[in-house]
Amino acid sequence: MKRKLRMGMVGGGKDAFIGAVHRIAAFIDGKIELVCGAFSVDPEVSKQSGEDLFIAPDRVYANYEEMITKEAALPDGERMDFLTIVTPNFLHFGPAKLALENGFDVVVEKPMTVTLEEAKELQAIVERTGRTLCLTHTYSGYPMVKQAKAMVKDGHFGKIRKIVVEYPQGWLSRLTEREGNSGAAWRADPKKSGLSLVMGDIGTHAAHLAEYITGLRITELCADLTTFVEGRLLDDDGSVLLRFEDGAKGVLMASQISAGEENAVRIRVYGEKGGLEWANEDPNNLIIKMLDQPRQIYRTGNAYAAPFTLSSFATHNTRIPAGHPEGLLESFANIYRNFAATVSAKREGKTPTPEELDFPSVQDGVRGMAFVQNVVASNDSSEKWTKFIL
């Protein structure tokens, strides 16, 4: 396209952490501009946020219904092209549905909805309208995660046998939702968060990372959820045994009461011939452990010679020379760039490249909600194993 894609935003107003992250990431490549928004359920906060972001006053709206309706009525050369949704979970479905039905593509924070039924409805709308929905499972945007996926797909480790993925945080070790922390307050509210706090908030990230890297789908699970902090209405810790396609077994741990931890996402995958390890807190490194070779470390941004050449998916998502840290913002930006390239290609009647199409989609959103629902069902069941039901 010969212009930037025009983005609208729901949520992400003054002092909202994730809204700022999305805006920074969307702007990094110069392919996207913010033209409108309904930045808060409080119209005055939305207005103030629009002023801070230099949005034209008539493009700052009191709510998402007004924004989508009025934007859809604008000429094609003025209206937004897509909507980014950075609200609490219970406010994902409504704006996503309305935007898709009015001809807008969508970027939405995870989890996609609060129920599996809502997720399936969005999937049906996407399939019916041909619109594009992107789900921001951030960790899939890191270059070395892309490299890990490519190596598994190429059979580097042989048949996959074991997947161990963990996501410990410590920020909810106290009853933080009663201490004025607004982010904790809505996450711990079943009406706003959904069936599970820990699995909806971070367990979905871990499950997606396991399926993304290995290409294997979860088929059965056995879950144990716990609410450790007295007075909390939802679970804050969970462990899940997993069975995958093709006979692989797995373990997933997600915890928000692991006191002292920050954001310690880590995955290990083991096959017949060797394994890999990647950690969010050291994201430029991909550790390779082969059965009959010394341990190897692949690093982001290096032009290795064959047979150690980095995959096209890793290099496509690498932004700066080797030795310079690439982190959360760059990973988010990779997702936005690939989404924008896909939307632009579709508008021009072109076919996006496989690298451009490599971002989480509505199908991932459905699987994420199915994961949460199946984990809760397993925890509540007297049966040892629960079928993964979509």
Kindly give the cluster partners of Ile257, where membership spreads through any ILVMFWY side chain lying under 4.5 Å from a current member.
-> Leu175, Phe228, Val229
Less than 4.0 Å between a side-chain N and a carboxylate O, is that true for Asp81 and Arg347?
-> yes
Neighbour count >12 (heavy atoms, 6.0 Å) for atom CZ, Arg178 | no
Count the heavy atoms belonging to other residues, nucleotides or ligands that lie under 6.0 Å from NZ of Lys162, then report whether that count exceeds 12.
-> yes
Separation of Asp237 CG from Asp224 CG (nearest 0.5 Å) = 8.0 Å
Please indicate whether Asp154 has more than 12 foreign heavy atoms, meaning atoms of other residues, nucleotides or ligands, lying under 6.0 Å from its CG.
-> yes
Taking Ser378 for its side chain and Ala223 for its backbone only, find out whether a donor-acceptor pair lies under 3.5 Å.
-> yes
Please find out if less than 6.0 Å separates the ring center of Phe82 from that of Phe339.
-> yes
Does Ile267 share a hydrophobic cluster with Val251, counting links as ILVMFWY side-chain heavy atoms below 4.5 Å and allowing steps through other members?
-> no
Do other residues, nucleotides or ligands put more than 12 heavy atoms under 6.0 Å from the CZ atom of Arg3?
-> yes
NZ/NE/NH1/NH2 to OD/OE distance under 4.0 Å, Arg268 and Glu166 = yes
Quick one: are Thr115 and Met369 in side-chain contact, heavy atoms under 4.5 Å?
-> no
Less than 4.0 Å between a side-chain N and a carboxylate O, is that true for Arg319 and Asp29?
-> yes
Flag this pair as yes if the NZ/CZ of Lys14 is under 6.0 angstrom from the six-membered ring centre of Phe39 and inside a 45 degree cone about the axis; otherwise no.
-> no
Look at atom CD of Glu262 and say whether more than 12 heavy atoms of other residues, nucleotides or ligands are closer to it than 6.0 Å.
-> no
Do NZ/NE/NH1/NH2 and the carboxylate oxygens of Glu71 and Arg59 come within less than 4.0 Å?
-> yes
Cluster membership besides Leu234, Ile/Leu/Val/Met/Phe/Trp/Tyr side chains within less than 4.5 angstrom, sorted by chain and number, is Trp171, Leu172, Leu197
Taking a hydrophobic cluster as the set of Ile, Leu, Val, Met, Phe, Trp and Tyr residues connected by side-chain heavy atoms closer than 4.5 Å, whether directly or through intermediates, do Leu328 and Val86 fall within one such cluster?
-> yes
Does the side chain of Asn89 reach to within under 4.5 Å of the side chain of Lys192, using non-hydrogen atoms?
-> no
State plainly whether the residues Glu277 and Arg266 are in salt-bridge range, i.e. N to O under 4.0 Å.
-> yes
Do Arg367 and Phe388 come within less than 4.5 Å of each other through their side chains, counting heavy atoms only?
-> yes
State, yes or no, whether a side-chain contact exists between Glu355 and Asn338 at a heavy-atom distance under 4.5 Å.
-> no
Residues, nucleotides or ligands: over 12 heavy atoms within 6.0 Å of Arg174 CZ = no
